[in-house]
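Numbers here simply count residues along the sequence, with the first being 1.
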Amino acid sequence: LVMKYSSDLYPVRNGSMADDILRSSMQRLTGMLLLFLLASGELLADAKEEKSSHIGKPLWELGLGGFTGYLPHYPAAGESSMRYFAAPIPIYRGKILRVGEENRGAVSGRFIDKKRYEFDITLSAAFPVKSGSNDAREGMPDLDYLFGIGPQFILKLIDEPGHRNLNLNLQARAVYSTDFSSVNSQGYVFNPKLRYSRENLTGIDLKFSSSVGPIFATEDLMDYFYEVQPEFITPKRPAFDADAGYLGTNLTFAVSKRFNNRFRLWVGTRFGIHNGATNDDSPLFKDEINTSVFMAFFWSIFKSEKPAR
């Protein structure tokens with residue numbers, strides 16, 4: 001899913017020049033926010049899972065985060081692209097509201113936090129795609145920004161702070177798309193996921209984490225990725241109406257290293273395994289396995305003196 005900051009990504013619409021400038025600025029600002037939601041939910045999770053308690057950690061931090069990766073355009077896409085960005089990353093460790101904290105999305109509200117389980121509300125986001133940059137979707141509508149919101153139940157199967165953790169995360173989200181002129185519902189996803197982390201593997205503060213989980217989606221989201229309406233039929237792209245069901249399974253491995261109390265680096269890979277997916281006969285379904293590689297960093301610049309509770 002490609003992010004481009006160029007004039008062709010945001011075509012000029014009818015209206016005043018001031019309206020066009022304001023719209024373009026809001027699109028870029030919102031794009032940066034969505035990038036933060038997408039990246040920090042997975043990558044900054046490791047940095048904040050080292051201890052189950054927040055005692056001694058600052059209430060808030062503000063730093064710089066960066067990301068680069070080679071990622072597929074959409075699930076089971078036949079093409080991938082390099083994506084990269086850098087943006088300010090806030091972290092807030094409130095009693096209920098959490099930003100950039102733990103493995104529950106970039107922004108969440110923790111309503112139940114027990115020794116063996118938690119319940120909260122999470123957000124997620126995904127990049128847009130210009131269909132002109134993808135051969136299979138040439139001439140079709142672009143894929144807009146996606147964002148999701150929904151509940152998450154976390155069952156702590158192994159909870160050994162400073163050593164290892166194994167969680168079962170049950171995530172369900174309503175998904176929406178937007179081109180910044182309207183917001184459209186794209187259905188729902190259910191993503192149960194096992195997440196394992198192990199710290200101090202080599203005695204040099206090296207941390208390993210992995211996660212695996214299937215993704216199930218309703219027909220609206222499947223149509224969004226794989227439907228071909230009659231007006232977009234070509235000799236190589238027949239009409240197709242997608243069905244609800246199994247989208248695929250994500251398998252992720254990452255290693256992170258903290259160099260001091262302010263800077264951390266991640267490298268990792270993700271395999272999108274789409275064998276047996278419900279809509280594998282769509283002409284837009286190209287590869288049964290998508291491979292992503294990424295590298296990211298977080299540099300904490302400012303911290304509060306007040307500790308989190």
Side-chain angles (χ1 to χ4, degrees), residues 1-16 19-20 23-24 26-28 30-31 34-35 38 71-83 124-149 173-191 215-248 272-290 292:
L1 302 174
V2 180
M3 165 61 72
K4 296 182 180 177
Y5 291 101
S6 59
S7 59
D8 64 338
L9 181 59
Y10 305 117
V12 176
R13 298 177 174 85
N14 295 331
S16 68
D19 288 342
D20 291 334
R23 183 184 297 109
S24 179
M26 289 301 296
Q27 288 170 335
R28 284 160 171 77
T30 307
L34 290 173
L35 286 169
L38 180 68
L71 311 175
H73 289 180
Y74 58 88
E79 298 176 59
S80 300
S81 299
M82 288 297 300
R83 297 81 186 272
S124 64
F127 299 98
V129 162
K130 293 289 286 184
S131 292
S133 67
N134 184 278
D135 290 343
R137 296 190 58 85
E138 183 71 34
M140 295 185 65
D142 296 337
L143 298 179
D144 295 328
Y145 289 98
L146 290 177
F147 66 93
I149 182 170
R173 291 189 178 97
V175 181
Y176 301 88
S177 64
T178 181
D179 61 357
F180 304 101
S181 63
S182 63
V183 176
N184 300 298
S185 173
Q186 300 298 345
Y188 302 87
V189 296
F190 175 59
N191 179 204
I215 303 172
F216 303 91
T218 60
E219 184 175 354
D220 286 343
L221 188 61
M222 294 296 203
D223 281 341
Y224 188 74
F225 288 132
Y226 303 119
E227 181 182 51
V228 179
Q229 296 180 351
E231 59 265 37
F232 302 117
I233 293 175
T234 69
K236 295 183 178 180
R237 191 171 62 203
F240 185 82
D241 184 20
D243 294 320
Y246 175 59
L247 179 62
I273 304 169
H274 304 285
N275 304 70
T278 299
N279 296 293
D280 59 2
D281 51 347
S282 166
L284 303 179
F285 186 105
K286 294 298 183 181
D287 284 348
E288 291 185 336
I289 298 180
N290 291 149
S292 307

Taking C-beta and beyond as the side chain, do Phe225 and Asn279 meet within less than 4.5 Å on heavy atoms? no
Between Thr218 (side chain only) and Gly187 (backbone N and O only), is there a donor and an acceptor less than 3.5 Å apart? no
Do you know which of Asn290, Asp280, Asp287 makes side-chain contact (heavy atoms from CB on, under 4.5 Å) with His274? Asn290
Could you tabulate the donor-acceptor pairs under 3.5 Å formed by side-chain atoms of residues 228-240, not counting sequence neighbours?
residue	atom	partner	partner atom	Å
Gln229	NE2	Glu227	OE1	3.4
Thr234	OG1	Lys236	N	3.4
Thr234	OG1	Arg237	N	3.1
Arg237	NE	Phe232	O	2.9
Arg237	NH1	Ala136	O	2.9
Arg237	NH1	Glu138	O	2.8
Arg237	NH2	Glu138	O	3.0
Arg237	NH2	Phe232	O	3.0

Starting at CZ of Phe127, measure out to CG of Leu71 and round the result to the nearest 0.5 Å. 7.0 Å
Apply side chain to side chain contact (heavy atoms under 4.5 Å, CB included) to Asn275 and list each qualifying residue two or more places apart in sequence or on a separate chain. Ile273, Glu288, Ile289
Got Pro72 and Ser292 here, is their nearest side-chain heavy-atom distance under 4.5 Å? yes
Straight-line distance of Ser133 OG to Glu79 CD, nearest 0.5 Å: 7.0 Å
Do the non-hydrogen side-chain atoms of Leu247 and Val189 ever get within less than 4.5 Å of each other? no
When you measure from the side chain of Asp179 to the backbone of Ser182, do you find a donor-acceptor pair of N or O atoms at a distance under 3.5 Å? yes
With distance as the sole test, does Tyr74 use its side chain to make a donor-acceptor pair with the main-chain N or O of Leu143 at under 3.5 Å? no
Verdict with supporting geometry, Phe285 and Thr278, side-chain contact (heavy atoms from CB on, under 4.5 Å): CA-CA 10 Å; Phe285 186 105; Thr278 299; over 6 Å; no
Of all heavy-atom pairs linking Asp243 and Met222, the shortest is O-CG, 3.1 Å
For Gln186, side chain to side chain donor-acceptor pair (under 3.5 Å) partners two or more places apart: Ser177
By side chain to side chain donor-acceptor pair (under 3.5 Å) - contacts of Ser131 (at least two apart): Arg137
For Tyr246, the side chain to side chain donor-acceptor pair (under 3.5 Å) test, sequence neighbours excluded, returns Thr249
Arg173 CZ to Ile215 CD1 distance, which is reported to the nearest 0.5 Å: 10.0 Å
Any Thr178 side-chain heavy atom under 4.5 Å of Asp144 side chain: no
How far apart are the closest heavy atoms of Ala242 and Tyr226, and which atoms are they? CB-CB, 4.3 Å
Could you work out, with side chain to side chain donor-acceptor pair (under 3.5 Å) as the rule, every residue matching Glu219, not counting sequence neighbours? none
Aromatic ring pairing Tyr145/Phe180, orientation class (parallel under 30°, perpendicular over 60°, tilted between): perpendicular
